[in-house]
Amino acid sequence: MKYLVLFFSSLFFAQQNVNKAQKNIFLAEYYEITDLEKAFSYYQKAFELNPYEFKTYMPQFTKICLKLNKESILKKEIYRASSAYLFSADHFKSDRMKPFYDKQPIKEILSDDIEKLQKIYYTNAENYAKIEYEKKIIKIDAIDQFVRKKRPIDWGYIEKSDSLNITQLIELTKHYGWHEGAEIILWHQRDSYDEPNFVWNYFIPFFNQQIKKDLIRKDYLLKYEKNMCFVQKITYKYDYFPPLDRLYTLEDIHNIDKYRKTVGLPPLYFNKHIMPEYVLPKGYEYDHVNLLKDLLEL
């Protein structure tokens with residue numbers, strides 16, 4: 001039997017423990033450099049808490065499993081994730097998975113198991129409403145892209161379409177919850193993020209409630225705040241972007257890690273730990289000895 005593959009990111013925020021899972025991801029990344037067994041353990045804990053994380057960190061986890069000769073566990077994790085996430089062959093053929101094409105169990109899955117994984121997803125009763133929701137989101141996304149590809153560009157038409165799309169999205173979100181596939185629809189409203197309007201009057205309280213329930217990451221709205229700071233040329237307090245340091249001004253370099261902790265982010269030094277080439281901002285001070293303790297306290 002053939003199963004329809006939706007080439008769509010099927011993350012539906014019905015999974016709790018999102019931030020608890022993210023904490024374990026940070027710890028796994030911390031240990032990838034020094035202790036693969038611990039990194040493996042923390043990744044597994046994250047996937048148990050939130051199976052949706054697997055799709056994002058599959059390349060890192062695959063690399064660790066192959067180094068530790070845990071191929072059978074890797075396959076079990078892929079099958080477990082498939083009950084919540086719809087896999088297609090493309091997920092295993094991405095650039096980040098390319099080094100593992102000819103390795104077991106990836107080679108075996110690509111040869112024999114894709115339809116089995118999809119069957120697990122489609123026969124999971126918990127996914128029925130999610131599949132219906134995805135169809136509606138895909139339709140809105142298609143309209144969104146269609147009006148933007150028309151030539152000549154008609155900004156009035158695009159604005160009208162965006163208004164209709166976001167109105168539909170609000171109603172769908174009220175009924176189903178949030179779906180990451182709808183991100184592009186909401187992103188078109190980013191320049192009005194700090195304005196009192198029907199879009200953000202709904203979504204900001206909605207996301208704050210989802211965060212309290214641990215259904216969405218604490219830092220979810222930061223992308224909109226970053227954009228606002230860039231457009232309005234005002235200070236920003238949560239992050240530092242070396243290529244864009246001329247566009248953003250840090251509000252308080254001495255307390256940046258305190259601000260980051262409130263939105264579930266590790267100390268800024270964590271970027272340096274996992275990416276040695278990362279350039280820390282001038283004036284930033286941190287004792288790297290405290291990094292593991294600070295990660296555990298997130």
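Every heavy atom of this structure was used, including side-chain atoms; hydrogens, water molecules and symmetry mates were not. Because the structure is a prediction, the values reported are computed rather than measured.
- Proximity of a side-chain donor or acceptor of Trp200 to a complementary backbone N or O of Pro205 within less than 3.5 Å is not detected.
- Every residue meeting the side chain to side chain contact (heavy atoms under 4.5 Å, CB included) condition with Gln232, not counting sequence neighbours, appears here in chain and number order: Asp194, Met228, Ile234.
- Listed by chain and residue number, nothing satisfies the side chain to side chain donor-acceptor pair (under 3.5 Å) test with Tyr57 (two or more places apart in sequence, or in another chain).
- For Tyr30, the side chain to side chain donor-acceptor pair (under 3.5 Å) criterion is met by no residue, not counting sequence neighbours.
- Side-chain polar atoms of Asp214 and Asn19 form a donor-acceptor pair below 3.5 angstrom.
- Judged purely by atom type and a 3.5 angstrom limit, Tyr85 has no side-chain atom pairing as donor or acceptor with the backbone of Lys55.
- Under a 3.5 Å cut-off, the side chain of Asp154 and the backbone N or O of Tyr157 do form a donor-acceptor pair.
- With Thr167 contributing its side chain and Ser163 its backbone, the two residues share a donor-acceptor pair below 3.5 Å.
- Ring centers of Phe92 and Tyr101: at least 6.0 Å apart, outside the cut-off.
- Checking side-chain atoms of Glu29 against main-chain N and O of Ile274 turns up no donor-acceptor pair under 3.5 Å.
- Side chain of Arg151 to backbone of Arg148: a donor-acceptor contact under 3.5 angstrom is found.
- With sequence neighbours excluded, the residues satisfying side chain to side chain contact (heavy atoms under 4.5 Å, CB included) with Ile184 are Asp141, Asp144, Gln145, His188.
- Between His288 and His273, the closest side-chain pair of non-hydrogen atoms is not below 4.5 Å.
- Using a 4.5 Å heavy-atom cutoff, the side chains of Phe203 and Tyr193 are not in contact.
- There is no side-chain donor-acceptor pair under 3.5 Å between His254 and Tyr284.
- Taking the ring centre of Tyr224 as origin, the terminal cationic atom of Lys226 falls outside the region bounded by 6.0 Å and 45° from the ring axis.
- A side-chain donor-acceptor contact under 3.5 Å links Lys23 to the backbone of Leu296.
- Side chain to side chain, Tyr43 and Glu32 meet the donor-acceptor criterion of an N or O pair below 3.5 Å.
- A donor-acceptor distance shorter than 3.5 angstrom exists from the side chain of Lys272 to the backbone of Tyr278, with no hydrogens or angles considered.
- Taking all atoms of both residues into account, the shortest heavy-atom contact from Tyr238 to Tyr259 is CE2-O, 3.4 Å.
- Lys160 is linked by a side chain to side chain donor-acceptor pair (under 3.5 Å) to nothing, counting only residues two or more places apart in sequence or in another chain.
- Not counting sequence neighbours, the partners of Glu77 by the salt bridge (charged side-chain N to carboxylate O under 4.0 Å, His left out) test are Arg80.
- Within the 3.5 Å criterion, the main-chain N or O of Ile143 finds no donor-acceptor partner in the side chain of Asn165.
- Checked for salt-bridge contact, Lys75 and Glu108 meet the test: a charged N lies under 4.0 Å from a carboxylate O.
- Between Ile170 and Lys174 there is a side-chain heavy-atom pair separated by less than 4.5 Å.
- Applying the side chain to side chain donor-acceptor pair (under 3.5 Å) criterion to Ser41, with sequence neighbours excluded, gives no partner residue.
- Looking only at distances, no side-chain donor or acceptor of Asn255 sits under 3.5 Å from a matching main-chain atom of Lys258.
- Rounded to the nearest 0.5 Å, atoms CG (Leu117) and OH (Tyr122) are 12.5 Å apart.
- The salt bridge (charged side-chain N to carboxylate O under 4.0 Å, His left out) test applied to Glu37 returns Lys70, not counting sequence neighbours.
- With sequence neighbours left out, Glu71 forms a salt bridge (charged side-chain N to carboxylate O under 4.0 Å, His left out) with no residue at all.
- Legend: residues meeting salt bridge (charged side-chain N to carboxylate O under 4.0 Å, His left out) with Lys116, ordered by chain and number and at least two apart, are Asp113.
- For the 3.5 Å distance criterion, the side chains of Asp294 and Tyr286 qualify, holding a donor opposite an acceptor.
- Partners of Asn127 by side chain to side chain contact (heavy atoms under 4.5 Å, CB included), not counting sequence neighbours, listed by chain and number: Tyr121, Asn124, Lys130, Ile131.
- For Lys212, the side chain to side chain contact (heavy atoms under 4.5 Å, CB included) partners two or more places apart in sequence, or in a different chain, are Gln209.
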